[in-house]
2 protein chains.
Amino acid sequence: MQVPLPHDELTCQVREILDRVGDKWSLAIVNELGGGTRRFTELKRAIHGISQRMLTASLRNLERDGLVSRTVYPVVPPRVDYELTGLGHTFLKTAWSLMSWAIEHAPDIVEARQKYDQ
Amino acid sequence: MQVPLPHDELTCQVREILDRVGDKWSLAIVNELGGGTRRFTELKRAIHGISQRMLTASLRNLERDGLVSRTVYPVVPPRVDYELTGLGHTFLKTAWSLMSWAIEHAPDIVEARQKYDQ
DNA sequence: CTGTATCCTTTTCGATACTG
DNA sequence: CAGTATCGAAAAGGATACAG
């Protein structure tokens, strides 16, 4: 049981992608956008602890990768909506299973850590 | 479509776990161990670019989380075997779907980036 | 409201040398 | 062979101030 890829391809292509979506905030953002379209400030409020700087940067990266779309309305004050693209939805669906794994096995991991630490 | 969790729980528990397994090398290590038991040097050779320092650190973390087991043989020169635990196998199975997503959609992402960059 | 720019601290991680 | 220790470079990221 092992992903059947030349190792360089795994690291250089897959990991480049997973690094992006696996950074500190992207998963939280994508998950929040899974609830529907959100404005900048709504995301900032919903994702506890994220700085304006990182929210902007993460959204730009997700937009660049085609997971999130950005819509600017030419009004005052400015309004910008973010939402998942089709690709973004397929990613969230997959990320779900990993989140579910983490939730399901969190007790096992906590227990393993306690055992290891003593 | 959104993981139905209070946000703090998602970030504080799930992300703590995903940060661990989503760090720079853990996925590559777990994937390699999916092929069977490996010695330290075998892992080092198989995972291109990893330093001794990071291999040791990542293995310790994975062991602490209960994903990898470590067996020391009291021989000279030393021999240490690493292999996935049951928990580690369930993780690899889940991580697979994410890797598959990355492989499947890599062309889309590359294209999105090119479009964004111009 | 939705950002950008700057500074500065913290964290990460590679390189190297050394050990049992 | 399988590590540990130390150093320093680089990157990540928070805080703050400012802009359209």
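Each chain gets a letter, A, B and so on, in the order the sequences are listed, and its residues count up from 1. Here the structure is a predicted model, which means the values were calculated and not measured.
- Checking Lys24(A) against Arg60(B), the closest nucleotide of DNA chain D that is more toward the 5' end is the one next to Arg60(B).
- The cluster map of Ile, Leu, Val, Met, Phe, Trp and Tyr, joined by side-chain heavy atoms under 4.5 Å apart, puts Leu18(A) and Leu33(B) in the same cluster.
- A donor-acceptor pair is defined here as one N or O able to donate and one able to accept, closer than 3.5 Å; such a pair exists between the side chain of Thr85(B) and the backbone of Gly66(B).
- Whole-Å rounding puts the Glu42(B) CD to dC1(D) P distance at 10 Å.
- Residue Thr41(B) has a polar side-chain atom (N or O) positioned under 4.0 Å from OP1 or OP2 of dA2(D).
- The residue Arg53(A) sits close to a base: some heavy atom pair falls under 4.0 Å.
- A salt bridge does not link Arg38(A) to Glu83(A): none of the charged side-chain nitrogens sits closer than 4.0 Å to a carboxylate oxygen.
- Spacing between atom CE of Met54(B) and atom P of dT4(D) amounts to 13 Å, rounded to whole angstrom units.
- The CG atom of Leu55(B) sits 14 Å away from the P atom of dC1(D) (whole-angstrom rounding).
- Between Gln52(B) atom CD and dG3(D) atom P the separation is 9 Å, expressed in whole Å.
- Contact check on Arg64(A) versus Asp117(B) returns a salt bridge, with a Lys/Arg side-chain nitrogen under 4.0 Å from an Asp/Glu carboxylate oxygen.
- One can place NZ of Lys44(A) at 12 Å from P of dT16(D), the figure rounded to the nearest angstrom.
- Reading DNA chain C from its 5' end, the first and the last nucleotide to sit under 4.0 Å from a heavy atom of chain A are dC1(C) to dT6(C).
- The distance between atom CG of Asp19(A) and atom C1' of dA11(D), rounded to the nearest whole Å, is 13 Å.
- Within the helix from dC1(C)-dG20(D) to dG20(C)-dC1(D), the inter-axis angle between the opening and closing five-pair segments is 40°, rounded to 10°.
- Here the side chain of Thr94(A) pairs a donor or acceptor atom with the backbone of Thr90(A) at under 3.5 angstrom.
- Considering only heavy atoms from C-beta on, Asn31(B) comes within 4.5 Å of Trp96(B) through its side chain.
- Here the CG atom belonging to Asn61(A) is positioned 6.5 Å from the OG atom belonging to Ser26(A), to the nearest 0.5 angstrom.
- Salt-bridge check for Asp65(B) with Arg113(A): passed, with a basic side-chain N closer than 4.0 Å to an acidic carboxylate O.
- Backbone-only contact: Tyr82(A) has heavy atoms under 4.0 Å from sugar-phosphate atoms and none from a base.
- Looking only at distances, a side-chain donor or acceptor of Glu42(B) sits under 3.5 Å from a matching main-chain atom of Arg39(B).
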